[in-house]
Amino acid sequence: MLSVKSVTKKYGKIKANDDVSFTVGDGEIAVLLGPNGAGKSTIIKCIAGLLRFEGEITVNAYGNKTREAKELLGYIPEMPAVYDMLTVSEHLQFITRAYNMDDDGTGEALLRRFELYDKKDKLGKELSKGMQQKLSICCALVHKPEVIIFDEPMVGLDPHAIKQLKEIFLELKRDGKTVVISTHMLDSVEDFWDTAYIMVGGKLCAGKKMGEDGQSLEELFFRITEGGDQK
């Protein structure tokens, strides 16, 4: 479970996140929606422990910057960050060793799934941006985290990788994992979310559960982001 309580992140006098609160339960897929500059990536980085902030974030009741929380968390950043001089396979070896895990074949299975196994001996700097993104996803999943946060994960992916990633979202849900997906591409997540949160100007302006009556998610999204209807 992920809990975000009254999180505010300031850059000088500018509030990139303004009193943001939400929870995502086990076996739940939540999406953070909003236009570019809404504050989605900032809150994701706060959850990942990369930024200082005011408020509280917990991962399965552990403070998000504790070792226990970091062992439970998987993070796929918007811009893939791979090591230039490590091969694809060495990236996964590094992660599994960092988490003191035995090689149970998960890394190889992920590489094959994302059509990277034939690139296992290529260096990070030799990979295309799309391949780096796929490697970033594999690295985030190889230690089998309980809470996984994705920041614009489908940008740069080919159709096969997008299909695989969508299947993984549903598999994680079935396995009781907590999944958060930040995106500005509404159509990329329309089929599998449980809860949607819409951000504008650093604030959480609306939330919607799948199956709730009333406006569709698309209608709500455009009313909030274009109509200026913010609470």
### Message
Between Thr178 and Glu28, is the side-chain hydrogen bond (donor to acceptor under 3.5 Å, both in side chains) condition met? List the steps.
### Response
CA-CA 5 Å; Thr178 301; Glu28 183 178 358; over 6 Å; no
### Message
Using the rule given for side-chain contact (heavy atoms from CB on, under 4.5 Å), can you reason through Gln133 versus Met154, listing the C-alpha separation, both sets of side-chain angles and the distance that settles it, and then say yes or no?
### Response
CA-CA 8 Å; Gln133 178 72 345; Met154 298 182 192; over 6 Å; no
### Message
Using a 3.5 Å distance criterion without hydrogens, assess whether the side chain of His91 forms a donor-acceptor pair with backbone atoms of Tyr83.
### Response
yes
### Task
Measure the CD1-CG distance between Ile76 and Leu165 for me, rounded to the nearest 0.5 Å.
8.0 Å
### Query
Under 4.5 Å between side-chain heavy atoms, hopping through other hydrophobics if needed: is there a path connecting Leu172 to Ile162?
yes
### Validation row: Ser21, Val7 side chains within 4.5 angstrom (heavy atoms)
no
### Task
Show your working on side-chain contact (heavy atoms from CB on, under 4.5 Å) between Val24 and Phe22 and close with a plain yes or no.
CA-CA 7 Å; Val24 188; Phe22 62 90; 3.9 Å; yes
### Task
Supply the atom-to-atom distance Leu33 CG to Trp193 CH2, rounded to the nearest 0.5 angstrom.
8.5 Å
### Single-linkage hydrophobic cluster Val82~Leu123, side-chain heavy atoms < 4.5 angstrom
no
### Message
Let me confirm one number: the CG-CD distance from Leu127 to Gln132, rounded to the nearest 0.5 Å.
### Response
5.5 Å
### Task
To the nearest 0.5 Å, tell me how far Phe221 CZ sits from Cys205 SG.
11.0 Å
### Message
Between the side chains of Glu167 and Arg113, is the shortest nitrogen-to-carboxylate-oxygen separation below 4.0 Å, so that they form an ion pair?
### Response
yes
### Query
Less than 4.5 Å apart, any side-chain heavy atom of Thr23 and any of Ser3?
yes
#### Entry: CA sep, side-chain torsions, deciding dist, call: Thr96, Asp103, side-chain contact (heavy atoms from CB on, under 4.5 Å)
CA-CA 7 Å; Thr96 53; Asp103 183 2; 5.9 Å; no
### Query
Can you name the nearest heavy-atom pair linking Ala69 to Gly63, along with the distance?
CB-O, 3.2 Å
### Summary
ring-ring contact (aromatic ring centres under 6.0 Å, His included) pairs touching residues 128-169, sequence neighbours excluded, are Tyr99-His143, Phe150-Phe169, Phe169-Phe192
### Query
Nearest heavy-atom pair of Phe114 and Ala161: which atoms, and what distance?
CE2-O, 3.8 Å
### Message
Tell me if the OH atom of Tyr62 is crowded by more than 12 foreign heavy atoms within 6.0 Å.
### Response
no
### Message
More than 12 heavy atoms of other residues, nucleotides or ligands under 6.0 Å from CG of Asp118: yes or no?
### Response
yes
### Query
Do Leu92 and Leu111 have side-chain heavy atoms sitting under 4.5 Å apart?
yes
#### Entry: Where at least one partner belongs to residues 121-150, residue pairs that pass salt bridge (Lys or Arg N to Asp or Glu O under 4.0 Å), sequence neighbours excluded
Asp104-Lys144, Lys134-Asp158, Glu146-Lys177
Show which side-chain atoms of residues 43-57 pair as donor or acceptor with protein atoms under 3.5 Å away, not counting sequence neighbours.
none

### Query
Out of curiosity, does Met79 fall in the hydrophobic cluster containing Leu135 (side-chain heavy atoms, cut-off under 4.5 Å, transitive links)?
no
### Query
Taking C-beta and beyond as the side chain, do Glu115 and Met131 meet within less than 4.5 Å on heavy atoms?
no
### Query
Does the Lys209 side chain pair with the main chain of Asp194, one donor and one acceptor, at a distance under 3.5 Å?
no
### Query
What pairs meet the salt bridge (Lys or Arg N to Asp or Glu O under 4.0 Å) rule with one or both residues in residues 75-87, with sequence neighbours excluded?
none
#### Entry: Donor-acceptor contact below 3.5 Å, side chain Asn64 vs main chain Val59
no
### Message
Taking NZ in Lys65 as the centre, count heavy atoms belonging to other residues, nucleotides or ligands within less than 6.0 Å. Is the count above 12?
### Response
yes
### Query
Glu108 side chain to Gly105 main-chain N or O, any donor-acceptor pair under 3.5 Å?
no
### Separation of Ile14 CD1 from Asp18 CG (nearest 0.5 Å)
12.5 Å
### Path from Met1 to Val147 over hydrophobic side-chain contacts below 4.5 Å
no
### Summary
For Glu152, the salt bridge (charged side-chain N to carboxylate O under 4.0 Å, His left out) test, sequence neighbours excluded, returns none
### Shared hydrophobic cluster, Val155 / Leu157 (ILVMFWY, side-chain heavy atoms < 4.5 Å)
yes
### Query
Between Pro80 and Ser136, what is the shortest heavy-atom contact and its length?
CB-CB, 4.1 Å
### Query
Are any of the side-chain heavy atoms of Leu32 and Ile198 separated by less than 4.5 Å?
no
### Query
Under 3.5 Å, side chain of Thr195 to main-chain N/O of Ala30, donor-acceptor pair present?
no
#### Entry: side-chain contact (heavy atoms from CB on, under 4.5 Å) between Val20 and Met199, intermediate numbers included
CA-CA 9 Å; Val20 175; Met199 293 188 69; 4.1 Å; yes
### Query
Step by step, would you call Asp151 with Ser41 a side-chain hydrogen bond (donor to acceptor under 3.5 Å, both in side chains)?
CA-CA 7 Å; Asp151 193 0; Ser41 289; 2.8 Å; yes
### Message
Test: side-chain hydrogen bond (donor to acceptor under 3.5 Å, both in side chains). Region: residues 6-15. Which pairs qualify, not counting sequence neighbours?
### Response
Ser6-Asp19
### Task
First locate atom CD1 of Ile148, then atom CD1 of Ile137, and finally report the distance between them rounded to the nearest 0.5 Å.
12.0 Å
